[in-house]
K.L.:
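Please see the structure below; I have some questions.
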2 protein chains.
Amino acid sequence: MFSKACEYGIRASIFIALNSFEGRRVSPKEIAAEIDSPQAFTAKILQALVRHNVIQSVKGAYGGFEIDKNRIKDIKLSDIVDAIDGDNIYKGCGLGLKACDEDRPCPMHDKFKVVREELKTMLESTNLEDLALDIKEGDTFLRR
Amino acid sequence: MFSKACEYGIRASIFIALNSFEGRRVSPKEIAAEIDSPQAFTAKILQALVRHNVIQSVKGAYGGFEIDKNRIKDIKLSDIVDAIDGDNIYKGCGLGLKACDEDRPCPMHDKFKVVREELKTMLESTNLEDLALDIKEGDTFLRR
DNA sequence: TTTAATTCGGATAATTTTATCCTATTTTAT
DNA sequence: ATAAAATAGGATAAAATTATCCGAATTAAA
Ligand code: FES
Ligand code: FES
């Protein structure tokens with residue numbers, strides 16, 4: 001469904017949010033260890049998320065990645081997916097036609113559109129706060 | 001959402017079904033031209049679909065690809081996706097954990113599961129006959 | 001001001017996916 | 001039998017994704 005980069009990006013964002021609640025910055029090393037991802041590759045993804053303004057970075061000693069505590073609840077899954085995988089999964093044709101076009105639809109269009117919309121709604125209505133809180137409660141996990 | 005191979009595979013299967021209604025076999029060349037896909041790559045995908053028993057091939061002169069006319073309505077989109085992309089999209093964890101596990105779910109699990117199930121239901125309840133008939137009526141298109 | 005701890009960014013490598021090419025094999029018609 | 005028309009399948013190649021490495025730039029503390 002999502003690219004590896006996007007999966008790592010979401011898991012990383014949740015872990016950063018979790019720590020930002022406590023006012024703690026985290027390093028790519030710590031993040032990769034926690035979410036079980038390749039460290040250098042994860043670092044690249046974090047850079048992309050910074051560029052897209054999803055997370056913030058602080059350089060130098062005592063630096064690391066963080067998310068403004070007050071904005072955690074405003075960051076939606078769709079922001080992360082958009083930043084890394086782009087909008088094809090929301091807007092693209094399920095059969096790979098150049099664009100999804102109501103006026104000249106592919107055979108899967110009517111049925112696919114429903115699923116695509118549901119995915120969109122789900123990603124747009126899920127924020128980092130919700131996800132991080134579940135982890136804190138021990139109900140969900142970032143690795144296995 | 002799906003791989004290129006899978007997109008081509010679905011489009012090809014629909015076109016083959018359309019022709020099999022008329023008792024006509026089609027070649028990879030004709031298929032690729034019709035669905036706007038690379039011919040040799042498409043041929044490989046057709047071979048895979050034959051191996052998975054989704055379509056049939058007849059070698060030699062006057063040969064080509066076809067689908068048993070009586071089985072067109074029994075072939076579901078999920079059969080094609082399964083054959084080419086496997087079952088990860090139905091069964092896998094949305095955040096890329098090794099497997100989706102109810103007992104140790106990822107933070108996205110509850111919400112992702114709903115979308116994944118809807119996709120599964122959609123693919124399992126859509127058959128090649130429905131898709132091919134819409135094209136015949138001129139309501140939908142395989143290329144653009 | 002120096003040092004240590006960091007992120008940033010470029011270069012490169014490995015792997016997977018997508019794509020092409022060529023030959024072998026099969027089958028029908030002549 | 002032979003020739004022609006097809007699919008099958010192996011060997012590569014190209015492109016995209018995933019992954020690693022290393023030095024440059026930045027920042028805070030000592
Ligand atoms: S045209 Fe294919 S999904 Fe809309
Ligand atoms: S555990 Fe991630 S989707 Fe079920």
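Just so it is clear: chains get the letters A, B, ... in the order the sequence lines come, proteins before strands, and each one is counted from 1. Predicted, not measured: the structure shown is a model, and the values here were computed from it.
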K.L.:
Nearest-Å distance, CZ (B:Arg51) to C1' (D:dA8)?
P.N.:
9 Å

K.L.:
Quick check for you: among C:dT7, D:dT20, C:dT20, whose closest atom lies nearest to any side-chain atom of B:Ala40?
P.N.:
C:dT20

K.L.:
Could you check which nucleotide pairs with C:dT30 in any of the strands shown, counting Watson-Crick or G-U wobble with both distances under 3.5 Å?
P.N.:
D:dA1

K.L.:
Starting at NZ of A:Lys4 and ending at C1' of D:dA16, how long is that distance when rounded to a whole Å?
P.N.:
16 Å

K.L.:
C:dT6, OP1 or OP2 - any side-chain N/O from A:Ser57 closer than 4.0 Å?
P.N.:
no

K.L.:
Go through D:dA8, D:dT20, C:dA29 for me and flag the one nearest to the B:Val50 side chain.
P.N.:
D:dA8

K.L.:
Considering only D:dG9, D:dT18, D:dA19, which nucleotide approaches the side chain of A:Ala5 most closely?
P.N.:
D:dT18

K.L.:
Answer yes or no: is there an ion pair linking A:Asp79 with A:Arg71, defined by an N-O contact shorter than 4.0 Å?
P.N.:
no

K.L.:
Please tell me if B:Tyr8 has a side-chain N or O lying less than 4.0 Å from either OP1 or OP2 of C:dA19.
P.N.:
yes

K.L.:
For D:dA5, does OP1 or OP2 lie under 4.0 Å from any side-chain N or O of B:Ser27?
P.N.:
no

K.L.:
How many Å lie between CD1 on B:Ile35 and P on C:dT18, as a whole number?
P.N.:
14 Å

K.L.:
Would you mind telling me which of D:dG9, D:dT20, C:dC8 lies closest to the side-chain atoms of A:Gln47?
P.N.:
C:dC8

K.L.:
Picking from D:dG9, D:dA29, C:dT28, which would you name as closest to the side chain of B:Tyr62?
P.N.:
C:dT28

K.L.:
How many whole angstroms separate atom CZ of B:Arg11 from atom C1' of C:dT18?
P.N.:
14 Å

K.L.:
Nearest to the side chain of A:Ala61 - D:dA11, C:dT18, C:dA4?
P.N.:
C:dA4

K.L.:
Taking atom CZ of A:Arg11 and atom CZ of A:Phe141, what is their separation to the nearest 0.5 Å?
P.N.:
14.5 Å

K.L.:
Starting from the 5' end of DNA chain D, give me the residue, A:Gln39 or B:Phe65, whose nearest nucleotide shows up first.
P.N.:
B:Phe65

K.L.:
Whether B:Arg25 and B:Glu66 form a salt bridge (side-chain N of Lys/Arg under 4.0 Å from carboxylate O of Asp/Glu) is what I want to check.
P.N.:
yes

K.L.:
Check B:Leu95 against A:Glu7 and note the closest heavy-atom contact, atom names and distance.
P.N.:
O-CB, 3.5 Å

K.L.:
Out of curiosity, A:Gln56 CD to A:Leu49 CG, how far, rounded to the nearest 0.5 Å?
P.N.:
11.0 Å

K.L.:
Specify the separation, in whole Å, of atom NZ of A:Lys44 and atom P of D:dT20.
P.N.:
12 Å

K.L.:
Atom CD of A:Glu7 and atom C1' of D:dA19: how far apart are they, to the nearest Å?
P.N.:
15 Å

K.L.:
B:Phe41 has an atom CZ; how far is it from atom P of C:dC21, in whole Å?
P.N.:
15 Å

K.L.:
If you only use heavy atoms from C-beta on, which nucleotide in D:dT7, C:dT7, D:dA29 is closest to the side chain of B:Lys59?
P.N.:
D:dT7

K.L.:
For the pair made of CD1 in A:Ile45 and C1' in D:dA19, what is the distance, rounded to whole Å?
P.N.:
10 Å

